[in-house]
2 protein chains.
Amino acid sequence: MPDRRASRVPLTRERVVAAAMALADEKGQAGASMRAIAARLGVEAMSLYNHVAGRDDILDGMVDAVFAEIELPAPDDADWKAAMRDRAASARAALRRHPWAVGLMDSRGHPGPATLRHHDAMLGALRTGGFSIPLAAHAVSVIDSYLYGFVLQELSMPLGAAGDLDEVAGDILSGLPGDAYPHLTEMINAHIMRPGYDYGREFPFGLALILDGLTPDEDQGAPAR
Amino acid sequence: MPDRRASRVPLTRERVVAAAMALADEKGQAGASMRAIAARLGVEAMSLYNHVAGRDDILDGMVDAVFAEIELPAPDDADWKAAMRDRAASARAALRRHPWAVGLMDSRGHPGPATLRHHDAMLGALRTGGFSIPLAAHAVSVIDSYLYGFVLQELSMPLGAAGDLDEVAGDILSGLPGDAYPHLTEMINAHIMRPGYDYGREFPFGLALILDGLTPDEDQGAPAR
DNA sequence: TTGACGTACTTACGGCGTAAGTCTAGCGTT
DNA sequence: AACGCTAGACTTACGCCGTAAGTACGTCAA
């Protein structure tokens, strides 16, 4: 008979973090309790502590693993805008794949190696594109703020487009005297409840607006070519 | 003698939510447990359930209360940019005053009346400023994404500027071969660790960039004046 | 006076993170 | 071969958590 769980493979911090991520993806962050993570690995809760400092350490690892999933901007891409666009799309996809990640990002002050590598690559791409140090700092701040904030809003929406929005719309339109919230009502009726509406399509608009507002302030790629 | 707690004032949903907010401000969101909230009101935990559906209901109320603290953009302000700037500053202040709010915004699908009023006022200010419905939708999306994302990043930073950043900088510069993260190192040394650096100052830059990228696409204030 | 209702109460359950201590299989040394 | 050490998984227990269920009591209407 095989042993009850393939405990041939050794428990490691990586395996613990991976199990926690899978669990969080399936049942939400709260579903990834120490006991549940351990059970998924065929082990008891306290055994995790031999490889991990505690729950917070696992959470840190999860956030870093999400950063590791994001495609880095190519450091020698002559077209910095395209690099920023691709990287933003990849980051948004990763954050949607792991919806708990955005909520974990505050409260977590210990960036892991993948996080650091990621930010280094961002700065590298911008510097190569001709951004001075202060302007690169500005650029990273705007771009990432927009990215995180957009995903945050996107995730706080219900699903697809209609469905639950109907419900909210109903709450808004009903019961109240005349219409409180006239502009909101107008927006919902004339725009959001339209058949093809999808909030996700707003993403490229805002990103393009931001990227078009940024202009390199140094010669293009000093050492490049 | 006075009764042990001024239980003269009746318990209400509002008082419960207010107590929860005060507690969360002081000890973090996790510190605002049902038992702790009740204790602060001189009452037992289960008594809260006579006024509130459960913990989630309290959380919903807290988020709505934060929106209520944000100054609404004046609906007849001829200068829509100024209105957006003022409102963004007020919102950022509120979100910093209640650092748990951003983290609560995802996962919370039931907007309260203050939240609805807030969004209605935003749309109203933009419509008056000459934005069409679709463009107003775009504008709200970019502006609020930037706002929430910025605060999220701001809060995930340690405190002031130096202090804990030193520690992270140490982690980056030490131990590793040569310099991994060369651009990050450069950024830290040449920019972030400079005496007067304060991440919060990045906020106006990004906001101005976004606002300057938005242009009304209709006649100014159709009914106004 | 009596009943109903609203409100606060006590008790209890299962689950949480983790401190503390125990058991055992495998290893390096003698 | 025998020993002792150690790493890693284990059991137990503590004080929290949110909340289901049931109880006690003060107020007000009939």
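As a basis for the values below, the full set of heavy atoms in this structure was taken, side chains included, without hydrogen atoms, waters or symmetry mates.
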Visitor: The criterion is ring-ring contact (aromatic ring centres under 6.0 Å, His included); which residues satisfy it with H183(B), sequence neighbours excluded?
Guide: none

Visitor: Give me the residues of residues 17-25 of chain B where at least one heavy atom lies under 4.0 Å from an atom of DNA chain D, by number, or none.
Guide: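 Close to the strand, none.
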
Visitor: Keeping to residues at least two apart or across chains, list the side chain to side chain donor-acceptor pair (under 3.5 Å) pairs with something in residues 28-39 of chain A.
Guide: none

Visitor: Say you draw a straight line from NE2 of H191(A) to CD of E186(A); how long is it, rounded to the nearest 0.5 Å?
Guide: 11.0 Å

Visitor: May I ask you to decide if E71(A)'s main-chain N or O and S90(A)'s side chain share a donor-acceptor pair within less than 3.5 Å?
Guide: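 Yes: the side chain of S90(A) pairs with the backbone of E71(A).
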
Visitor: Decide whether Y148(A) and S145(B) meet the rule of one side-chain donor and one side-chain acceptor closer than 3.5 Å.
Guide: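 There is no such pair (donor and acceptor under 3.5 Å, judged by atom type) between the side chains of Y148(A) and S145(B).
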
Visitor: Keeping to residues at least two apart or across chains, list the salt bridge (charged side-chain N to carboxylate O under 4.0 Å, His left out) pairs with something in residues 59-70 of chain A.
Guide: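 Counting only pairs at least two positions apart or across chains, the salt bridge (charged side-chain N to carboxylate O under 4.0 Å, His left out) contacts touching residues 59-70 of chain A are D60(A)-R108(A), E69(A)-R97(A).
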
Visitor: According to side chain to side chain contact (heavy atoms under 4.5 Å, CB included), who are the partners of R92(B), at least two apart in sequence or on a separate chain?
Guide: R96(B), L147(B), F150(B), V151(B), E154(B), F203(B)

Visitor: I'd like to know if the side chain of H51(A) pairs up with that of R15(A) as donor and acceptor (distance under 3.5 Å, no hydrogens or angles considered).
Guide: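 No, because no side-chain N or O of H51(A) sits under 3.5 Å from a partner of the opposite role on R15(A).
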
Visitor: Take the protein atom CD1 of I37(B) and the nucleotide atom C1' of dA8(C), then report the distance between them rounded to whole Å.
Guide: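 Rounded to the whole Å, the gap is 17 Å.
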
Visitor: Walk along nucleotides 7-23 of chain D from 5' to 3' and tag each nucleotide B, S or - by protein heavy-atom contact under 4.0 Å, base first, then sugar-phosphate.
Guide: -BBBBBB---BBBBB--

